[in-house]
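So you know, we letter chains A, B, ... as the sequences are listed, proteins then strands, and number each from 1.
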Protein chains: 2
Amino acid sequence: MSIDLQELAGRYRDILRQAVYLTRSMDAEGELSTRHVSTLNMVSTGPMRVSAIASYAGVRVPSATEQVIKLEAAGLVERIPDATDARAVLVRLTPKGREALDSANGRRNATMAAALETLSREERQIIAGAIPAIAKLNAAVAAQPATA
Amino acid sequence: MSIDLQELAGRYRDILRQAVYLTRSMDAEGELSTRHVSTLNMVSTGPMRVSAIASYAGVRVPSATEQVIKLEAAGLVERIPDATDARAVLVRLTPKGREALDSANGRRNATMAAALETLSREERQIIAGAIPAIAKLNAAVAAQPATA
DNA sequence: GCTCATAGTTAGGTAGTCTAACAATTAGGC
DNA sequence: GCCTAATTGTTAGACTACCTAACTATGAGC
């Protein structure tokens, strides 16, 4: 017999909600907030437009602008003009930003790795194996027609 | 060879971050927000103290008080005295709250179920199979000594 | 019954988000 | 070539949710 989709959806939403709260608990004193880390992660692979940052972060453009302004004030990113479109602005990670990002990612990954270590090897493999499916599910949710 | 924990932690954090943003996108116009749904879900199995709500939600007590006050103003919960401790307050779902919660949960589950439907049966089974491991991982993160 | 701990509320402040309005630039029709 | 319409980003103003600190009321220990 097949899986009841509604029931699976409910259980998945449950653990997701829990995980969300826990993610915030990984914010440490004096370090970058989860949102700042997310934004820095986005621009870590190359300069990105403000509108692209907003889109990936799931927020409106003004909110992204505000985040970028704060990161710029902290010297973690810089805004450079887009050579192909004078309206656009590219956000680029500075060396200082790279350093701060690596440090924050390292700390967060270490925390998560420590938690993973308490699981059995089988459980870790199950989670590792589920990541592609969850990524695909994320994409499917994102593609949804606005919860009509 | 075994899985690299740091690497797995990073990949897991990635899909989690993505899922977090998507969860918010499931908030619909005129309906309950994700946080309100979470709070209502907590008291849906029985009256609960404000401090317990705060703890489960991962916020401080004043924040929980504020949420409860808003839900009460909307007629979705009611505050009743705790017979065993006059300091405490129990938060109970009202019939109207039950109705609103069921409706919101139904809509959200339907959205998630629709996304799940785009996956293959194997992928759905992988996700279903990973839920217990992820729940255990959540518990492990929660038990962590404050990211020392 | 005094003192200390606990449960919750209130007050004041901060961070992040939104919509609406605006400036600057690009693209397209003619 | 220009004039209009669309796009990119910022600014302004308001709202929500969160925090810490201070307070009230009740319970617990001696």
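- Of the possible polar contacts, one joining the A/Thr65 side chain to the A/Val61 backbone as a donor-acceptor pair under 3.5 Å is found.
- For D/dT10, the OP1/OP2 oxygens have a side-chain nitrogen or oxygen of A/Thr65 closer than 4.0 Å.
- Looking at B/Asp85 and B/Arg49, their side chains come closer than 4.5 Å, going by heavy atoms from C-beta outward.
- D/dT7 atom C1' lies 13 Å from atom CG of A/Asp82, rounded to whole Å.
- Between B/Ile131 and A/Leu8 there is a side-chain heavy-atom pair separated by less than 4.5 Å.
- In this structure, the CD atom of B/Glu66 is 15 Å from the P atom of C/dG13, given to the nearest Å.
- For B/Arg60 and C/dT10, the CZ to C1' distance is 18 Å, given to the nearest whole Å.
- Inter-residue side-chain proximity for A/Met112 and B/Leu137 is flagged as met; some heavy-atom pair is nearer than 4.5 Å.
- Between B/His36 and D/dA17 there is a side-chain polar atom (N or O) within less than 4.0 angstrom of OP1 or OP2.
- Mapped onto DNA chain C by nearest heavy atom, B/Val61 and A/Gly58 fall at different nucleotides, with B/Val61 at the one closer to the 5' end.
- D/dT10 atom P lies 14 Å from atom NZ of A/Lys70, rounded to whole Å.
- In this structure, A/Arg35 atom CZ and D/dC18 atom C1' are separated by 10 Å, rounded to whole Å.
- Rounded to whole Å, the distance from CZ on A/Arg87 to C1' on C/dA27 is 8 Å.
- Distances shown here put every side-chain N or O of B/Gln67 at or beyond 4.0 Å from the OP1 or OP2 atom of D/dT16.
- Remark: the backbone N or O of A/Ala114 is not paired with any side-chain donor or acceptor of A/Thr118 at under 3.5 angstrom.
- Residue B/Ser51 is in sugar-phosphate contact alone, with no base atom involved, counting any heavy-atom pair closer than 4.0 Å across all strands shown.
- Along DNA chain D, the nucleotide nearest to B/Ser63 and the one nearest to A/Asp85 differ in position, and the one closer to the 5' end is contacted by A/Asp85.
- Side chain of B/Pro62, nearest nucleotide from D/dA21, C/dG16, D/dT10: D/dA21.
- Atom CZ in B/Arg49 sits roughly 16 Å away from atom C1' in C/dT9 (whole-Å rounding).
- Going from atom CD of A/Glu72 over to atom C1' of D/dG9 covers 13 Å, rounded to whole Å.
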